Q: 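Have a look at this one.
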Amino acid sequence: MTELSIDLKGKKGLVVGIANQHSIAYGCARAFRRLGADLAVTYLNEKAKPYVAPLAEELGAPILMPCDVSAPGQLEAVFEEIGRRWGKLDFALHSIAFAPMADLHGRVVDCSREGFTTAMDISCHSFIRMARLAEPLMRDGGTLFTMSYYGAEKVVPHYNIMGPVKAALEATTRYMAAELGPKGIRVHAISPGPLKTRAASGIDHFDELMSRVEAAAPAHRLVEIEDVGLTTALLATDAGRLVTGSTTYVDGGYHVVG
Ligand code: NAD
């Protein structure tokens, strides 16, 4: 029988998307660490750095770098540093999204061309770029993660243009899983239930959504970033070695009743 490890000891991972201690990416980073991985962590810009740096220190991250995916060269620089320092990468987490407020708060029908392009670029195409940069460093296989939401599948009031963007992200996950599978690289979309984060504060009537989900979800409780992190981290271990391309819901079961 082959040797299996249900931990991440000796594994190297990249975490993109920590803004503060409420970020889903931080919940994932903690779980990756808990299973023994070493992490590279990024922050959006100098304004975000003071919030992220202490968390990166607590996570014992040997690499901490700026990464605005819309700034030319920054994502590439992160992967160069990982290649230089580690010479390999075992997993990478993409936990970022953005849409201009006017477009996020309006109907899909009214979404501007620039707003749509920006939202797709930052929230979806950046995951493609991450995968392309990760591929040569994942010579022994690896796992790529992105964060989606139920609004990709069903119309969720006030989720607006992020619904189509997340639908594209989930389809991208399936295609990349098919393309990278032969190299042992797995690709996952994780779909958490609603969590009070900075990104979520941009969505209108978010509190109502949370109450609705809490009441209807089979688990009758809301998820926490720790729950999302544990499921995600487990999928990066050998326990997930033949799981790829899917959208994995961490939502107390809401998607089966919602
Ligand atoms: P968050 O605000 O903590 O994280 C969003 C991150 O996106 C931040 O770290 C921000 O710096 C980053 N980001 C935005 N523009 C960027 C850019 N140009 N370059 C690099 N990074 C950029 O909020 P969160 O809720 O943890 O969001 C993480 C992911 O989870 C997002 O994809 C979001 O859509 C998804 N998600 C959130 C929920 C929820 O209820 N909060 C539910 C399902 C999915």
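Numbering of ligands and ligand atoms starts at 1, following listing order. These values consider heavy atoms only, across backbone and side chains, with no hydrogens, waters or symmetry-generated copies. Quantities reported herein were computed from a predicted structural model and do not represent experimental measurements.
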Q: Do me a favour and list the nearest non-hydrogen protein atom to atom 18 (N) of ligand 1 with residue, atom name and distance?
A: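 In this structure, atom 18 (N) of ligand 1 has D68 OD1, 2.9 Å as its nearest protein heavy atom.
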
Q: Considering only non-hydrogen protein atoms, determine which one is nearest to atom 26 (O) of ligand 1 and report residue, atom name and distance to 0.1 Å.
A: I24 N, 2.9 Å

Q: Consider every N or O of H22 and every N or O of ligand 1, then say whether any pair is closer than 3.5 Å.
A: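 Min N/O separation from ligand 1 is not below 3.5 Å for H22.
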
Q: Taking 4.0 Å as the limit for heavy-atom contacts, which would you say applies to F206 with ligand 1: side chain only, backbone only, both, or neither?
A: side chain

Q: Does any N/O atom on I96 come nearer than 3.5 Å to any N/O atom on ligand 1?
A: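 So ligand 1 has an N or O lying under 3.5 Å from an N or O of I96.
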
Q: Would you name the heavy atoms of I225 and S23 that are closest together and state the gap between them?
A: CD1-O, 3.6 Å

Q: Using distance alone, determine whether S23 and ligand 1 share an N or O pair under 3.5 Å.
A: yes

Q: Give me the one residue out of V78, L75, T146 that meets side chain to side chain contact (heavy atoms under 4.5 Å, CB included) with M130.
A: L75

Q: Any atoms of ligand 1 less than 4.0 Å from a non-hydrogen atom of R198? List them with their elements.
A: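 It comes down to these atoms of ligand 1: 2 (O).
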
Q: Among A99, C67, A19, S95, which one has a heavy atom closest to atom 6 (C) of ligand 1?
A: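 Answer by nearest heavy atom: S95.
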
Q: Less than 4.0 Å is my threshold; does some heavy atom of K166 fall inside it relative to ligand 1?
A: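 In this structure, K166 qualifies as a contact of ligand 1 - some heavy atom is under 4.0 Å.
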
Q: Could you check if a side-chain atom of S191 sits within less than 4.5 angstrom of a side-chain atom of H255, using non-hydrogen atoms only?
A: no

Q: Using a 4.5 Å cut-off on heavy atoms from C-beta on, say whether the side chain of L59 contacts that of Y26.
A: yes

Q: Got a protein heavy atom sitting under 4.0 Å from atom 10 (C) of ligand 1?
A: no

Q: Is there any N or O on F98 that sits under 3.5 Å from an N or O of ligand 1?
A: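 N/O-N/O distance under 3.5 Å: no.
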
Q: Less than 4.0 Å between a side-chain N and a carboxylate O, is that true for D238 and R241?
A: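 Salt bridge flag = no for D238 with R241.
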
Q: Please state whether S148 comes within less than 4.0 angstrom of ligand 1, counting heavy atoms only.
A: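 Heavy atoms of S148 do come under 4.0 Å of ligand 1.
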
Q: By number and element, which atoms of ligand 1 are closer than 4.0 Å to a non-hydrogen atom of M147?
A: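 This gives 29 (C), 30 (O), 32 (O), 35 (C) as the contact atoms.
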
Q: Considering heavy atoms of the protein only, find what lies nearest to atom 14 (C) of ligand 1 and give residue, atom and distance to 0.1 Å.
A: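 Result: A97 O, 3.6 Å.
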
Q: Within the 4.0 Å heavy-atom shell around A200, which atoms of ligand 1 are there?
A: 41 (N)

Q: For Y159, is at least one N or O under 3.5 Å away from an N or O on ligand 1?
A: no

Q: Going through the checks in order, is the ring pair (Phe, Tyr, Trp, His ring centres under 6.0 Å) test met by F145 and F91?
A: CA-CA 8 Å; F145 297 101; F91 61 89; 7.1 Å; no

Q: Under a 3.5 Å cutoff, is there a donor and acceptor pairing between the side chains of Y149 and E170?
A: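 Result is no, nothing qualifies.
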
Q: Under 4.0 Å from a heavy atom of I18: which atoms of ligand 1 are those, numbered in the order shown and with their elements?
A: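 Matching atoms, with element in brackets: 9 (O).
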
Q: Identify the two heavy atoms, one from D207 and one from K196, that lie closest to each other, and give their separation to 0.1 Å.
A: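 Looking at all heavy atoms of both residues, the shortest contact is OD1-NZ, 2.6 Å.
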
Q: Looking at ligand 1, does any of its N/O atoms fall within less than 3.5 Å of an N/O of M162?
A: no

Q: With a 4.0 Å cut-off on heavy atoms, does Y26 reach ligand 1?
A: no

Q: Check the pair D90 / K12 against salt bridge (charged side-chain N to carboxylate O under 4.0 Å, His left out), numbers first and verdict last.
A: CA-CA 5 Å; D90 297 294; K12 312 288 186 198; over 6 Å; no

Q: Tell me, do D103 and F116 make a side-chain contact under 4.5 Å, heavy atoms counted?
A: no

Q: Check this for me: does any side-chain nitrogen of one of E81 and R84 sit under 4.0 Å from a carboxylate oxygen of the other?
A: yes

Q: Closer than 4.0 Å to some heavy atom of P194 - which atoms of ligand 1 meet that?
A: 40 (O)

Q: For atom 15 (N) of ligand 1, what is the closest protein heavy atom, and at what distance to 0.1 Å?
A: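 Answer, as residue, atom name and distance: I122 CG2, 3.8 Å.
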
Q: Carefully, step by step, assess D121 and R129 under the rule salt bridge (charged side-chain N to carboxylate O under 4.0 Å, His left out).
A: CA-CA 10 Å; D121 182 50; R129 298 199 291 278; 3.0 Å; yes

Q: Looking only at protein heavy atoms, identify the closest one to atom 25 (O) of ligand 1 and say how far it is in Å.
A: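 Heavy-atom neighbour on the protein nearest atom 25 (O) of ligand 1: T197 OG1, 2.5 Å.
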
Q: For atom 19 (N) of ligand 1, what is the closest protein heavy atom, and at what distance to 0.1 Å?
A: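 Residue, atom and distance for the closest contact: V69 N, 2.9 Å.
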
Q: When only distance counts, is L44 in polar contact with ligand 1, meaning an N/O pair under 3.5 Å?
A: no

Q: Starting from atom 40 (O) of ligand 1, locate the nearest protein heavy atom and write down its residue, its atom name and how far away it is, to 0.1 Å.
A: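 That would be L195 N, 2.8 Å.
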
Q: Is it true that R174 and E179 have a side-chain N and a carboxylate O under 4.0 angstrom from each other?
A: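 Salt bridge flag = no for E179 with R174.
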
Q: Counting heavy atoms only, which of P192, G17, A199 comes nearest to atom 2 (O) of ligand 1?
A: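 Of the listed residues, A199 has the closest heavy atom.
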
Q: Check whether the ring centres of Y150 and Y254 lie less than 6.0 Å apart, and answer yes or no.
A: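 Y150 vs Y254: aromatic centres under 6.0 Å.
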
Q: Do the charged groups of E214 and R221 touch, with an N to O distance under 4.0 Å?
A: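 No.
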
